[in-house]
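In what follows, every heavy atom counts, from backbone to side chain, and hydrogens, waters and symmetry copies are set aside. Keep in mind the model is a prediction, meaning the values are calculated, not measured.
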Amino acid sequence: MAIRTILHFPDKRLREKAQPVTFIDDEIRTLVNDMAETMYAASGCGLAATQIGVPKRIFVVDPAAKDEPSQLMVFINPEIVARSGEAIWEEGCLSFPSVNEEIKRAKRVKIRALGLDGKPFELEAEGLLAVAIQHEHDHLDGVLMIDRMSMLKRKMITRKMEKRAQRGNRNQSEAST
Ligand code: NI
């Protein structure tokens with residue numbers, strides 16, 4: 001297992017559309033383990049493969065609160081097949097450090113995917129899990145949370161992240177939060 005580097009906006013690879021996984025082999029199992037380790041190391045509750053520069057349709061989510069035992073969920077070739085209701089949650093993203101903004105999404109979703117064992121499953125989710133599923137699913141299509149904000153917010157955050165990237169280039173030792 002290894003911790004991979006999480007790409008930060010405006011890295012162009014975050015805009016890549018991920019391709020379906022054709023076969024779940026050791027390479028995919030290692031990738032998924034690394035994704036989980038990377039997510040936990042960054043204290044995130046979700047991570048898509050595109051965020052570590054691997055354009056494959058895989059994401060991991062853990063909706064457990066900090067004082068609860070972990071509940072790692074793996075989604076391979078996920079497809080959101082139903083959405084209902086409306087909910088606004090304050091979201092963050094490991095590719096946008098220190099950005100937290102309210103975003104409107106469906107309140108409930110139904111998702112189909114393959115598990116790490118290659119078996120298809122279907123899941124109905126609401127609350128934080130539904131938000132995380134929609135957020136991570138967007139990543140696989142190169143869609144980022146700023147795309148779901150007002151034009152003004154999007155511009156402000158883009159400017160902030162661009163400045164941050166310039167600072168980061170000058171000082172590689174800057175700790176990422
Ligand atoms: Ni994200």
Side-chain angles (χ1 to χ4, degrees), residues 1-19 30-67 70 72-75 78 80 83 86-107 109 125 127-177:
M1 300 235 289
I3 293 175
R4 311 269 189 119
T5 303
I6 298 174
L7 305 179
H8 291 166
F9 182 82
D11 194 302
K12 288 194 165 52
R13 286 169 289 177
L14 290 168
R15 291 299 192 184
E16 217 171 313
K17 192 172 160 67
Q19 297 305 308
T30 301
L31 171 64
V32 169
N33 285 335
D34 287 356
M35 285 170 62
E37 197 180 357
T38 304
M39 173 180 75
Y40 289 127
S43 300
C45 64
L47 184 77
T50 36
Q51 288 180 277
I52 54 166
V54 179
K56 291 188 193 299
R57 301 191 79 79
I58 305 173
F59 63 77
V60 292
V61 165
D62 190 333
K66 283 198 165 58
D67 53 350
S70 61
L72 182 66
M73 305 172 86
V74 178
F75 298 83
I80 296 177
R83 300 169 195 257
E86 222 173 69
I88 296 175
W89 280 71
E90 191 176 280
E91 294 183 25
C93 177
L94 295 175
S95 296
F96 289 82
S98 69
V99 173
N100 289 284
E101 290 290 338
E102 288 189 336
I103 293 176
K104 186 160 72 177
R105 297 189 187 268
K107 191 174 183 186
V109 294
L128 171 66
L129 181 56
V131 170
I133 284 171
Q134 292 171 84
H135 178 115
E136 301 311 329
H137 189 267
D138 270 355
H139 273 301
L140 303 183
D141 292 326
V143 175
L144 301 171
M145 66 176 190
I146 49 167
D147 304 333
R148 308 239 176 243
M149 295 176 194
S150 68
M151 187 61 89
L152 184 67
K153 281 253 171 72
R154 195 185 311 178
K155 278 188 182 156
M156 276 169 47
I157 293 169
T158 300
R159 212 172 301 136
K160 181 177 164 180
M161 292 299 297
E162 281 169 354
K163 274 191 192 152
R164 195 181 184 283
Q166 280 162 10
R167 277 203 314 274
N169 289 340
R170 281 202 300 272
N171 178 13
Q172 293 292 346
S173 64
E174 182 197 32
S176 49
T177 50

Roughly how far, to the nearest 0.5 Å, is CG of Leu144 from CE of Met149?
-> 9.5 Å

Between Ile133 and Phe59, is any pair of side-chain heavy atoms under 4.5 Å apart?
-> yes

Atom of Thr38, atom of Ile6 and distance for their closest heavy-atom approach | CG2-CG1, 3.6 Å

With Lys153, which residues qualify under salt bridge (charged side-chain N to carboxylate O under 4.0 Å, His left out), at least two apart?
-> Glu101

Grab the two heavy atoms, one from Val61 and one from Ala132, that are nearest each other, plus how far apart they are.
-> CG1-CB, 4.0 Å

Enter the distance from Leu94:CG to Leu7:CG here, rounded to the nearest 0.5 Å.
-> 11.5 Å

Could you go through residues 42-55 and list every donor-acceptor pair under 3.5 Å that involves a side-chain atom there, pairing it with any protein atom two or more places apart or in another chain?
unit_1	atom_1	unit_2	atom_2	d
Thr50	OG1	His139	O	3.2
Gln51	OE1	Ala48	N	2.9
Gln51	NE2	Ser95	OG	2.9

Is there side-chain contact between Trp89 and Arg105, with at least one heavy-atom pair below 4.5 Å?
-> no

Nearest heavy-atom approach of Met161 to Pro10 is O-CD, 4.1 Å

Looking at CG of Leu140 and CD of Glu16, how far apart are the two atoms once the value is rounded to the nearest 0.5 Å?
-> 11.5 Å

Partner set under salt bridge (charged side-chain N to carboxylate O under 4.0 Å, His left out) for Asp141, not counting sequence neighbours | Lys17, Arg57

Taking side-chain contact (heavy atoms from CB on, under 4.5 Å) as the test, write out the residues that go with Gln19, two or more places apart.
-> none

pair Phe75-Val60: side-chain heavy atoms closer than 4.5 Å = no

Nearest 0.5 Å, what's the CZ-NZ distance between Arg167 and Lys163?
-> 9.0 Å

Among all residues two or more places apart in sequence or in another chain, which pass the salt bridge (charged side-chain N to carboxylate O under 4.0 Å, His left out) test with Arg83?
-> none

Would you name the heavy atoms of Ile3 and Ala41 that are closest together and state the gap between them?
-> CD1-CB, 3.5 Å

For Arg154, which residues count as a salt bridge (charged side-chain N to carboxylate O under 4.0 Å, His left out) partner, sequence neighbours excluded?
-> none

Are any non-hydrogen side-chain atoms of Arg148 and Asp138 less than 4.5 angstrom apart?
-> yes

Are any side-chain N or O atoms of Asn100 and backbone N or O atoms of Glu90, one a donor and one an acceptor, separated by less than 3.5 Å?
-> no

Heavy-atom check, side chain of Leu72 versus side chain of Met39, under 4.5 Å = yes

Looking at side-chain heavy atoms only, is the closest gap between Gln134 and His137 below 4.5 Å?
-> no

Where do Ala64 and Ser70 come nearest, in terms of heavy atoms and distance?
-> CB-CA, 4.2 Å

Heavy-atom side-chain contact between Arg164 and His8 under 4.5 Å = yes

Does a salt bridge link Glu37 with Arg4, judged by any charged N lying under 4.0 Å from a carboxylate O?
-> no

Is the closest side-chain heavy-atom distance between Val99 and Glu91 below 4.5 Å?
-> no

Which heavy-atom pair separates Ile146 from Phe96 by the least distance, and what is that distance?
-> CG2-CE2, 3.8 Å

